[in-house]
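Side chains are part of it too, since the values below use all heavy atoms of this structure and drop only hydrogens, waters and symmetry mates.
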Amino acid sequence: MAAKQLVLIDAYSQIFRSFYAIRHLTNANGEPVNAAFVFTKLLLKLDKMFPSEAGAMLFDCGKVQFRSQIHPEYKANRPPMPDDLKSQMPLIRRIAGAFGWEMMQHENWEADDLIGALCLKFPEYDVQIVSSDKDLSQLVDDRVKMLVPSNAGFESRGTAEVVAKFGVSPDLIVDYLALLGDASDNIPGVPGIGPKSAADLLNTCGAAAGWMDEPEKLGDCKYCKKLLPHLEVLRRNRELIRLRTELPDTWKKMEVPVRRNPDWAEIAAICRENQFNSILKELPESLPEVETATAAGNDADDLFAFAAQNVAVTADCNDNAVSVEQPELF
């Protein structure tokens, strides 16, 4: 019997990705709907390719106090959510609800932390994490995989794929990212250490926990000259990047989040209201055709055919202050 599946969506990373996939798309009322359109296509593709009775959409909820205490400048470089996206958030949440997703958030927990905690909470489930956030690679193992949105749909990222992409196994990802830092989160890394040298250092010398407090164990490691003066940077970054995998107290007795069946009539109504005509044709139930004005811009059939950048975000509980990350596509 196949293992039970739990699908967890890193909500804002996919919402912001959707916003940048197609620009200047409006409905007949002149309202921006680009993010809502692509997000609808994402959820439809996910429903077709990875149907699951268990799952949730996790949202960031304000600044995380313990990380700000470690590094007061953590994410201080992030701009507010663009007005054209902020105005779409009620529609996007309506779309998520229509597809049957429970929307979950908790003050002082980032979505990544909640995802990590839910992975541990339900060990009887195989977990699929819908995100391209590199931090979540630390959760990957035989049971947990990432679903990274791509032009073709989703790329599954397991242990082998993490090693192929970063040069280190998932259990070394925290150390790897701590050495590199993360400009999008305003986390400076160890000067002079890049991706190749970080991977080489960890694969040669092992996890930082084995030598960080006893650097003499590094011996004549060729990276010592760059590394040793900045061990405090490494320690701090490890605490920032390691996910907080303990659930909030009020969630500790929770049952696995259950996905409701999509409300196809509601989804069709949303598509008609916003002239998402190409999506109407993809819905699984036969629906009467309705003459509507075509939304301005390109009605792309490919999930992210117009994607020009990969964006991850954090936001407060009211979808107001959102931060933007723009690393390489996928």
Let me know which of K145, Q5, K4 forms a side chain to side chain contact (heavy atoms under 4.5 Å, CB included) with D126.
Q5
Tell me, yes or no, whether the heavy-atom count around K225 atom NZ, taken from other residues, nucleotides or ligands under 6.0 Å, exceeds 12.
no
Side chain to side chain donor-acceptor pair (under 3.5 Å) pairs, two or more places apart, involving residues 229-238:
D175-R238, D213-R235, E232-R235
Tell me, do L46 and W101 make a side-chain contact under 4.5 Å, heavy atoms counted?
yes
What distance do L43 atom CG and I9 atom CD1 have between them, rounded to the nearest 0.5 Å?
5.5 Å
More than 12 heavy atoms of other residues, nucleotides or ligands under 6.0 Å from CG of D83: yes or no?
no
Can you tell me if CD on E266 sees more than 12 non-hydrogen neighbours from other groups inside 6.0 Å?
yes
Could you state whether M146 and V163 fall into the same hydrophobic cluster, counting links through intermediate Ile, Leu, Val, Met, Phe, Trp or Tyr residues with side-chain heavy atoms under 4.5 angstrom apart?
no
Can you give me the closest heavy-atom contact between P188 and V233, atom names plus distance?
O-CG1, 3.7 Å
Can you check whether C224 reaches P215 side chain to side chain, under 4.5 Å on heavy atoms?
no
Flag the pair Q138 / I241 as yes when at least one side-chain heavy-atom distance between them is below 4.5 Å, and no otherwise.
yes
Going hydrophobic residue to hydrophobic residue with side-chain gaps under 4.5 angstrom, can you get from V127 over to V258?
no
So does E53 have more than 12 non-hydrogen atoms from other groups sitting under 6.0 Å from CD?
no
In sequence, state the C-alpha distance, the side-chain angles, and the governing distance for K252 and E246, and then conclude on salt bridge (charged side-chain N to carboxylate O under 4.0 Å, His left out).
CA-CA 9 Å; K252 289 183 177 178; E246 181 179 351; 2.8 Å; yes
Begin from the C-alpha positions of N274 and E31 and carry the test side chain to side chain donor-acceptor pair (under 3.5 Å) through to its verdict.
CA-CA 9 Å; N274 293 282; E31 300 163 335; over 6 Å; no
List the atom of G158, the atom of V140, and the distance in Å for their closest heavy-atom pair.
C-CG1, 3.4 Å
Count I, L, V, M, F, W, Y as connected when their side-chain heavy atoms are under 4.5 Å apart, and connections chain through other members. Are I129 and L120 then in the same cluster?
no
